[in-house]
Structures are given as C-alpha cells and as structure tokens.
Amino acid sequence: MKKCFYLFILVWLISITGYSQNNINASLGVGLPELFNIGVRYELPPQFKIGMSAGTVFTGAFSLSGDVYYHFAGHSQLNNMPPWYLRANMTYWQLGKIFFINPGQAVLLGFRIGRDFNVTEKFGVAIDGGIVPISFLSGRKIPFSFIPSISISIYNRFTIRNPAGSRN
C-alpha cells in the first residue's frame with residue numbers, strides 16, 4: 001500500500017510541474033473519510049470535475065479516493081463553474097488500530113453537497129458534507145453502518161492565460 005501512496009505523490013508532482021493543462025487543481029484537505037489528504041482534480045467545463053486523493057492520519061490508516069463533482073447552482077465572479085456542487089466519491093480505507101481494535105479494510109461510497117469559495121482566480125476553499133455507508137472487506141465489524149462525512153480543502157487552480165488575457 002505504501003508503493004501506491006508514493007506512486008500517487010509522483011503523479012501529483014508531475015501534474016503540478018507539467019501544468020500545460022488549463023483545468024487542473026491541486027488540493028490539500030482534511031475530512032472523513034479522506035483523512036489528511038492531497039489530491040488532484042480536473043475541471044470539465046461547464047459543470048463537472050473528476051478527482052483523486054490519497055490520505056493518512058499517520059497511525060497506520062490510509063485512504064485512496066476517487067471523486068466526481070457536478071456543479072449546479074450559483075455564480076462566481078472569479079470562475080466560470082457554479083460554486084455549489086454534488087459530490088459522489090468512492091474511498092478505500094486501510095485502517096490501523098483505533099482504540100485497540102483493528103477494523104481492517106473498507107470500501108465507502110459517499111454522497112455530499114458542498115460549495116467552492118473562490119478567494120482569487122487561482123485559489124479557493126471547498127467545504128462539503130453528507131453521509132457515507134460503510135462496507136467492510138475484512139476485519140471486525142463496527143456497530144453502525146453509516147458515518148457522517150465532512151471535508152474542507154484548499155485548492156490551487158493552475159490556469160494559463162494567453163496574451164489576450166482570456167482563458168485557454
């Protein structure tokens with residue numbers, strides 16, 4: 001699992017240095033189930049984003065997530081994409097010991113609603129919340145089948161302007 005994390009970091013760094021793409025976002029966040037995470041998102045104007053992230057809490061727990069965002073309402077002066085979104089994500093959890101219990105591995109499929117707050121044309125904050133059903137692959141079952149889901153992340157949009165000043 002460590003090799004997957006290092007591979008993800010390498011892909012993320014390559015995407016930052018090779019940002020000839022106009023719609024790539026790099027993010028840093030904290031949330032449940034993504035834990036403390038870094039991620040990459042790709043904007044598909046006018047209303048979609050896809051993304052992936054890797055996270056940890058440094059106690060042996062690890063997460064890999066894939067996301068689809070559908071932006072549907074509102075207007076931003078700094079970005080063409082509407083700020084309100086619905087988010088569907090799938091997360092793989094490899095959990096370490098939590099209070100002397102080792103829950104094992106889990107796959108989580110979550111649905112959330114959230115909002116992007118564009119601070120500048122390139123920088124913003126995203127906040128979302130929802131509910132996540134738990135489906136364990138191995139390990140000990142826990143006494144509940146849903147967990148609340150909330151996350152906050154900061155992101156940097158890598159945009160390149162042409163000489164006329166409009167977006168590519």
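Since this is a predicted model, take the numbers as computed values, not measurements.
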Under 3.5 Å, is there a donor-acceptor pair between the side chain of [X] and the main chain of [Y]?
X     : Y     : result
Gln47 : His71 : yes
Ser63 : Glu34 : yes
Ser76 : Pro82 : no

Joint cluster assignment, Met81 & Phe158, ILVMFWY side-chain distance < 4.5 Å
no

Please say yes or no: joined through hydrophobic side-chain contacts below 4.5 Å, possibly via intermediate residues, are Tyr69 and Leu44 part of one cluster?
no

Could you tell me the separation between the [atom1] atom of [X] and the [atom2] atom of [Y], rounded to the nearest 0.5 Å?
X      : Y      : atom1 : atom2 : answer
Ile150 : Leu32  : CD1   : CG    : 9.5 Å
Asn79  : Glu121 : CG    : CD    : 8.0 Å
Leu64  : Thr56  : CG    : OG1   : 10.5 Å
Asp67  : Met52  : CG    : CE    : 11.0 Å
Ile147 : Ile131 : CD1   : CD1   : 9.0 Å

Between Asp116 and Arg157, is the closest basic N to carboxylate O distance under 4.0 Å?
no

Please report the shortest heavy-atom distance between [X] and [Y], naming the atom on each side.
X     : Y      : value
Arg87 : Ser151 : NH1-OG, 3.3 Å
Pro45 : Asn23  : CD-ND2, 3.8 Å
Trp84 : Gly114 : CE3-O, 3.3 Å
Asn37 : Ser53  : OD1-CB, 4.1 Å

One pair to check against ring-ring contact (aromatic ring centres under 6.0 Å, His included): Tyr85 and Phe72. What are the steps and the verdict?
CA-CA 6 Å; Tyr85 60 85; Phe72 66 92; 8.4 Å; no

Heavy-atom side-chain proximity of Val107 to Met90 below 4.5 angstrom
yes

Hey, does Leu86 have a side-chain heavy atom less than 4.5 Å from the side chain of Phe111?
no

Taking side-chain contact (heavy atoms from CB on, under 4.5 Å) as the test, write out the residues that go with Val30, two or more places apart.
Phe36, Ile152

Considering residues at least two apart in sequence or located in another chain, which fulfil the side-chain contact (heavy atoms from CB on, under 4.5 Å) criterion with Pro33?
Thr91, Trp93, Leu108, Arg112, Val132, Ser149

Would you sort out whether Asn118 and Tyr155 count as a side-chain contact (heavy atoms from CB on, under 4.5 Å), showing the intermediate values?
CA-CA 9 Å; Asn118 295 301; Tyr155 59 88; 2.8 Å; yes

Please report the C-alpha distance between Asn25 and Glu43 in whole Å, then the side-chain angles of each, then the deciding distance to 0.1 Å, and finally whether the side-chain contact (heavy atoms from CB on, under 4.5 Å) criterion is met.
CA-CA 8 Å; Asn25 300 344; Glu43 294 180 2; 3.2 Å; yes

